[in-house]
Every structure is written in C-alpha cells, then in structure tokens.
Enquirer: 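Structure in structure tokens, see below.
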Amino acid sequence: MPNIVHYLTTLDTHWTGRKLGFTCHTGDLSWDELIAWVQEAERLGYSAFCTTEESGKDAFAVLAVLARETKTISLGTAIVNFYSRTPTLLAMSARSIHDLSGGRFGPFGLGAGGIGFMQRGHGIVVEKPLARAKETVAIVRGLLTQKKFSYDGQWFKPNDFHLREGPIGEAAPPIWLAGLGPKMVGTAAEVADGVIANWLTDESLAEYRGLIKNGAESAGRDPSDVQIATLLMTCVDPNDEGAIFAARRGIAFYCASEHYLHIADLCGLGGDARRVKAAWEERDFDRATGLVSDELLDKFCLVGTPEKNAERIQWLFANGVYPIIYPLPRRERMVEDHHSVLEQVSRWAQVMEAASPDH
C-alpha cells in the first residue's frame, strides 16, 4: 500500500486568495444555455466551474464539452460520487478532461453522494463511506501520479496497472472530499487535498478547523495544507417572493438530509431544520418550503443586501475558504436567474477587492 501522504499536493494559489468558483444543477439548463453561462462566467473572472451530477447531465461529458468551449477557466467537480464509478474509471475521466482542457481540470471533488439519490436513483446502498473514500482517493491519486500502481483494497485491487496515456504527475488535480459529518471531515484531512464543507458558518468553521487539525496531524500533515471550500447558496432577488420561495426550497431540500442536521444543531437551528425534514419526508414539499425559517434562510444562503452579501464573501476569503457560488433560480426564469446570480456575486466580490488593504 502506498504512502498516501507522499502524494498529497500542496495548496495551489488557484484555490486561495480572492477566487470564486460556481456550480449549478446541470439538468436545469440546455446544453447551449449551459455553455453560454460558463463562457459568461469565464468572462467575468470566475476561476472554476465545478459541476455536480445527481440526475442531470453526466459530469464528465459536461466537462469534456466545456473543455472545448472555454479557454482559461478551470473545470472541476463538486461533486461526483465514488460508488457508481470505480476509482480507475474516475482516474481515466480525470486524465481525459486534463488533456482536453490543456491542463485545466480541477478541483476533483468526490463524495458519497446524497443517500436518497444513491439509493433511489442508483439502487446502491451507501456502506462504509469513510473506508470507501480512503480507498478511492488512494487509487485515483496513485493512477494519476505513478507510472505503475498496485493497491490491495477492500473493494478494489488494481495490480501493476497504469493509464495508457500515462500519469499526469505533479500537475494532477487536487482531490477534495465532500465532508459534512465530523468523521468524513477528519478523513478528508488525513488523505485528501481539501474538504468541501457546505453550510459554512462561524460555528461550523470552528468545528471544521478542529477536525482538520486532528485529522491532518494524525496523518503527519500540516493542517494548513488542507483547502476548505464551500457551496454558497445564493438567492437571486431577496425582494421578490418567487425568488425567496426558490431559496427556501433549496434550503428545505438539504434539511431533508440527515447529514445537514448536525450543522443546523451547531447553529442553534436544529429544531427548525427537523420540522422541515419531517414535512419533506411526508412529501409535502410546499409545506416543508414554508417551514424554512428566516433564521435558516439567512444562516445558510446569501439572501441579504448587497453589502451584507459582500461581507459574507469577504469573511470566506479572510478565512482561506474557496466559495463555490450555487444559484437558487426561479423555475420560470431559469436562464436569466443563473446569469443574474453570477453578475451580482461578481460585483460583490469586486467591491470587497477594491476595499482590500492590498489595493
């Protein structure tokens, strides 16, 4: 078994400083709409498009198309699950997008995937996610960095194997793990280059820092080498009832997941989140949406004034967190709202850039 730490990359300045990534549900936009949207983000100065997957477009098909339709922006995942693809297939996909994009693939965000989606959509029972994460990261990294690779794992046993086009080597993309529960965050700190920590607040960031410190030090690593990223849910117009409803619906969807309740508890909003979860599980989605309190909405979504939202982004920058903007669009204005969110957040970030002591 290889020394995992030996292959860990150091932090790339591409993911630190005043940089913004962005994501979306790719199934909400047509191919032409998605391409035009990402091209506009590239023009606005966003550093990376990080595709999700779920039940929308295949993540690597999206990145392959965008690799030919963009010039400078990084193209990554946040996230693809590590149950429906083998680690070797994930490494092959990474190598393909790396080549198609001229080395612009990354970050490589991996995770267990939503339990509901995995079970209902794939018919896969999510078992032993921590061990699966460690094994996946080790094999993917090994294949992307070594000319020959073997691993005697619990699920996978590649033997003296190599990618036909060779490893990427030192330019291999950073591997980030999606981590919500304390154990997965600690695992990410042990074996990955970063952790994607959603619903990031003062309270949860403090816990994440402690978990990362313990996990990294147990593996002989410097905790500062572990990048923290977060999906930043964004309301398109806090003064519009339809936009607020869309934002509440987005929050309700995540409240329905057991993994997010711990974070709500840290913020003193566990009771609010559990009421939403109960209604969602009864498939009364509109009632669940209505139960999303103003406190939940304000805590976990950019839904304030431009000044307040800019301050939130500045707080993330100041704490070394890489924000990945996540629009919550109105269904009747799907395309317009995707563009509007990117334009607004770009302006907020520029305001903070101008106010920075370095400028």
Side-chain angles (χ1 to χ4, degrees), residues 1-5 7-8 52 77-85 87 90 107-119 122 124-141 151 153-156 174-231 254-270 273-274 277 300 319-322 324:
M1 185 177 297
N3 180 350
I4 293 174
V5 176
Y7 299 106
L8 289 173
T52 59
T77 61
I79 64 171
V80 291
N81 79 80
F82 48 61
Y83 282 97
S84 63
R85 292 182 175 92
L90 287 167
F108 198 176
L110 302 171
I115 292 177
F117 171 64
M118 295 307 300
Q119 291 180 348
H122 287 282
I124 294 173
V125 176
V126 175
E127 295 178 325
K128 299 184 177 179
L130 303 180
R132 184 85 171 212
K134 289 182 179 180
E135 188 164 317
T136 298
V137 170
I139 296 172
V140 170
R141 182 178 285 115
Y151 189 93
Q154 182 175 353
W155 294 276
F156 306 102
I175 299 175
W176 296 354
L177 282 176
L180 294 173
K183 291 182 180 179
M184 185 61 82
V185 175
T187 296
E190 292 176 22
V191 305
D193 303 294
V195 58
I196 305 171
N198 295 342
W199 280 19
L200 203 62
T201 66
D202 290 353
E203 300 90 343
S204 60
L205 180 59
E207 180 176 90
Y208 281 126
R209 293 287 192 204
L211 293 168
I212 289 171
K213 181 178 186 296
N214 293 337
E217 290 179 350
S218 71
R221 303 183 61 196
D222 184 340
S224 65
D225 285 343
V226 182
Q227 175 68 57
I228 300 177
T230 188
L231 300 189
Y254 286 97
C255 284
S257 171
E258 191 74 27
H259 296 298
Y260 284 83
L261 297 181
H262 172 70
I263 303 173
D265 286 336
L266 289 176
C267 303
L269 297 171
R274 284 175 174 79
K277 185 177 190 299
F300 301 122
N319 282 280
V321 177
Y322 183 69
I324 301 172

Enquirer: Using every non-hydrogen atom in the two residues, find where Ala189 and Leu211 come nearest and quote the distance to one decimal.
Expert: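 Ala189 and Leu211 have their closest heavy atoms at CB-O, 4.4 Å.
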Enquirer: Side chains of Ile79 and Thr52, heavy atoms from C-beta outward: is any pair under 4.5 Å?
Expert: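 Counting from C-beta outward, Ile79 and Thr52 never come under 4.5 Å.
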Enquirer: Would you mind reporting whether Asn81 and His122 have side-chain heavy atoms less than 4.5 Å apart?
Expert: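 Sidechains of Asn81 and His122: in contact.
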Enquirer: Using the salt bridge (charged side-chain N to carboxylate O under 4.0 Å, His left out) criterion, which residues pair with Asp202? Sequence neighbours excluded.
Expert: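 Asp202 satisfies salt bridge (charged side-chain N to carboxylate O under 4.0 Å, His left out) with no other residue.
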Enquirer: Just so I know, are the side chains of Pro182 and His262 near enough to count as touching, which here means a heavy-atom distance under 4.5 Å?
Expert: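 A side-chain contact exists here, since the closest heavy-atom pair is under 4.5 Å.
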Enquirer: Between Lys213 and Glu217, does any side-chain N to carboxylate O distance fall below 4.0 Å?
Expert: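 A salt bridge links Lys213 with Glu217.
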Enquirer: Answer yes or no: is there a side-chain heavy-atom contact under 4.5 Å between Asp193 and Gln227?
Expert: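 No; the side chains remain at least 4.5 Å from each other.
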Enquirer: Is the closest basic N to carboxylate O distance between Glu190 and Arg221 below 4.0 Å?
Expert: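 So Glu190 does not pair with Arg221 through a salt bridge.
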Enquirer: Give a yes or no on whether the backbone of Thr201 and the side-chain of Ser204 come within a donor-acceptor separation of less than 3.5 Å.
Expert: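 Yes: the side chain of Ser204 pairs with the backbone of Thr201.
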Enquirer: Can you check whether Ile175 reaches Val140 side chain to side chain, under 4.5 Å on heavy atoms?
Expert: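 Ile175 reaches Val140 side chain to side chain.
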Enquirer: Are the side chain of Thr77 and the backbone N or O of Gly109 linked by a donor-acceptor pair below 3.5 Å?
Expert: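 Yes: the side chain of Thr77 pairs with the backbone of Gly109.
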Enquirer: Okay, side chain of Glu135, backbone of Gln154: is any donor-acceptor separation there less than 3.5 Å?
Expert: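 Checking the backbone N and O of Gln154 against the side chain of Glu135, a donor-acceptor pair under 3.5 Å is found.
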Enquirer: Taking salt bridge (charged side-chain N to carboxylate O under 4.0 Å, His left out) as the definition, give me every residue that meets it alongside Arg209, ordered by chain and number, with sequence neighbours left out.
Expert: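 Once residues adjacent in sequence are excluded, Arg209 has no partner under the salt bridge (charged side-chain N to carboxylate O under 4.0 Å, His left out) criterion.
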Enquirer: Pairing donors with acceptors under 3.5 angstrom, does anything connect the side chains of Asn198 and Tyr260?
Expert: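 Indeed, the side chains of Asn198 and Tyr260 share at least one donor-acceptor pair under 3.5 Å.
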Enquirer: Going through the checks in order, is the side-chain contact (heavy atoms from CB on, under 4.5 Å) test met by Trp199 and Cys255?
Expert: CA-CA 11 Å; Trp199 280 19; Cys255 284; 3.7 Å; yes
Enquirer: Looking only at atom types and distance, does a side-chain atom of Ser218 sit under 3.5 Å from a main-chain N or O of Gly215, one as donor and one as acceptor?
Expert: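 Checked: pair present.
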Enquirer: Any side-chain heavy atom of Ile263 sitting closer than 4.5 Å to one from Leu269?
Expert: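 No, too far: nothing below the 4.5 Å cut-off.
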Enquirer: Is any side-chain heavy atom of Leu177 closer than 4.5 Å to one of Phe82?
Expert: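 In short, these two side chains touch, coming nearer than 4.5 Å.
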Enquirer: State plainly whether the residues Arg132 and Glu127 are in salt-bridge range, i.e. N to O under 4.0 Å.
Expert: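 Salt bridge between Arg132 and Glu127, a charged N being under 4.0 Å from a carboxylate O: no.
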Enquirer: Would you call the rings of Tyr322 and Trp176 parallel, tilted or perpendicular, where under 30° means parallel and over 60° means perpendicular?
Expert: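 Perpendicular, since the angle between the ring planes exceeds 60°.
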